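These notes concern the structure reproduced below.
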Number of protein chains: 2
Amino acid sequence: MTATRQFPWDHPRFKSWISVARACQVMNQVLAREIASLDIKPPHLDILVNLYRFEGLTQQDLARRLLVGRSNMSMLLPQMEKRGLISRRGDENDRRVLRLYLTEDGRALAEKAMDIQTKVIDRMMETSTLDECMSVANVMERLTAALLLRDGR
Amino acid sequence: MTATRQFPWDHPRFKSWISVARACQVMNQVLAREIASLDIKPPHLDILVNLYRFEGLTQQDLARRLLVGRSNMSMLLPQMEKRGLISRRGDENDRRVLRLYLTEDGRALAEKAMDIQTKVIDRMMETSTLDECMSVANVMERLTAALLLRDGR
DNA sequence: GCAATTTTGTTCAACCTTGTACATTATCGC
DNA sequence: GCGATAATGTACAAGGTTGAACAAAATTGC
């Protein structure tokens with residue numbers, strides 16, 4: 001009657017996920033080292049990339065995109081503003097919100113940072129075919145959607 | 001002569017990686033919420049699982065496995081020891097090292113936590129076939145190996 | 001229109017993580 | 001054996017992240 005325990009690490013899906021988590025962790029560490037030359041860290045990079053792509057986001061928008069708390073943005077963005085990378089301008093129609101824009105310096109830095117990020121990702125994913133990459137993306141998107149739907153946010 | 005910039009987000013490998021990073025982030029948040037009922041957080045879970053599987057690890061071993069700094073272990077482990085989840089015993093042969101063991105409470109908690117983790121992963125990965133999972137694991141392992149080899153640690 | 005509710009951004013205290021400097025102990029070269 | 005080097009764990013300061021409480025502004029329901 002002693003039900004033999006199913007060890008999680010013998011479980012294919014479990015093992016698979018562990019390898020994903022590990023890869024992410026390593027990736028973040030490598031990326032952090034590579035962009036340190038620009039004197040920024042991964043959170044700053046995420047902000048720069050998002051503002052590069054979507055100008056005029058509010059802090060709330062940005063926080064939601066990055067899956068972090070609003071207070072996090074309230075801590076990081078003023079630093080970046082002081083550094084001259086972004087500007088925060090109040091919205092005319094809604095005086096609660098601050099809209100975010102890259103300065104010229106910020107835009108230039110974002111481009112340098114994205115180049116580095118792209119190189120790291122390329123170097124990393126060159127061990128896989130494009131088909132494999134796209135299949136991975138597919139699995140991950142389904143999975144994220146499943147989690148977000150089930151668990152709210 | 002104006003070389004049109006290749007936007008990273010149009011780059012298949014880049015997009016693929018972003019989806020992986022996003023999935024990891026969501027996963028960690030969901031997992032953190034689920035194990036909060038056991039009054040532990042992801043770092044504690046990682047420690048419990050590793051000690052469950054590899055009894056007698058040293059703090060250094062554990063730190064390397066988890067890809068974190070030694071000082072991190074020096075902060076977390078005494079807490080867990082006070083909580084009665086683990087015990088740290090000096091090694092006879094090498095009086096520098098502390099070997100780590102789960103207590104009975106720790107082992108019981110580890111099993112509960114692993115059950116939760118397995119359920120979350122299953123729920124998450126059930127949107128994919130086993131073949132897909134194994135293919136993902138394959139890509140991730142190659143990728144981690146590539147990064148670790150190239151960039152030292 | 002106006003009170004109640006919601007949304008946005010800030011502040012603050014708590015906690016986690018990291019890197020550096022340090023003390024202790026092993027190991028290596030000789 | 002012994003001095004130089006390396007490895008292990010700890011202490012501490014700096015910085016990142018979070019959630020809760022808050023103020024200001026917008027929206028909703030009536």
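What you see is a predicted model, and the numbers here were worked out from it, not measured in a lab. By convention in this document, chain letters (A, B, ...) are assigned in the order of the sequence lines, proteins followed by strands, and residues within each chain are numbered from 1.
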To the nearest Å, give me how far apart [atom1] ([X]) and [atom2] ([N]) are.
X	N	atom1	atom2	answer
A:L77	C:dT11	CG	C1'	15 Å
A:M73	C:dT10	CE	P	11 Å
A:M75	C:dT8	CE	C1'	17 Å
A:K41	D:dA14	NZ	P	13 Å

message: Does a side-chain N or O of A:Q79 approach OP1 or OP2 of D:dG15 to a distance below 4.0 Å, or not?
response: no
Residue set satisfying salt bridge (charged side-chain N to carboxylate O under 4.0 Å, His left out) with A:D105, at least two apart, ordered chain then number -> none
Under 4.0 Å between any heavy atoms, over every strand shown, what does B:P78 touch: base, sugar-phosphate, or nothing? Just pick one.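 No contact.
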Do [X] and [Y] come within less than 4.5 Å of each other through their side chains, counting heavy atoms only?
X	Y	answer
A:Q117	A:V49	yes
B:R22	A:L67	yes
B:S128	B:V136	no

inquiry  = Whether B:R53 engages the ring of A:F7 as a cation-pi pair (distance to the six-membered ring centre under 6.0 angstrom, angle to the ring normal within 45°) should be assessed.
reply    =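 No cation-pi geometry.
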Let me know which of A:K119, A:R123, A:Q29 forms a side chain to side chain contact (heavy atoms under 4.5 Å, CB included) with A:E34.
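Single pass found, and it is A:R123.
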Quick check on contacts: within residues 84-102 of chain A, what sits under 4.0 Å from DNA chain C by heavy-atom distance?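 Contacts with DNA chain C under 4.0 Å: A:R88, A:R96, A:V97, A:L98.
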message: Expected output is a numbered-order residue list: members of residues 44-72 of chain B with a heavy atom under 4.0 Å from any atom of DNA chain C. What is it?
response: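 Residues of residues 44-72 of chain B that come under 4.0 Å of DNA chain C are, in numerical order, B:V68, B:G69, B:S71, B:N72.
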Practice task
Give the minimum heavy-atom separation between A:W9 and A:K15, together with the two atoms involved.
Solution key: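 A:W9 and A:K15 have their closest heavy atoms at O-CD, 2.9 Å.
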Separation between CG (A:L130) and CZ (B:R13), nearest 0.5 Å, reads 4.5 Å
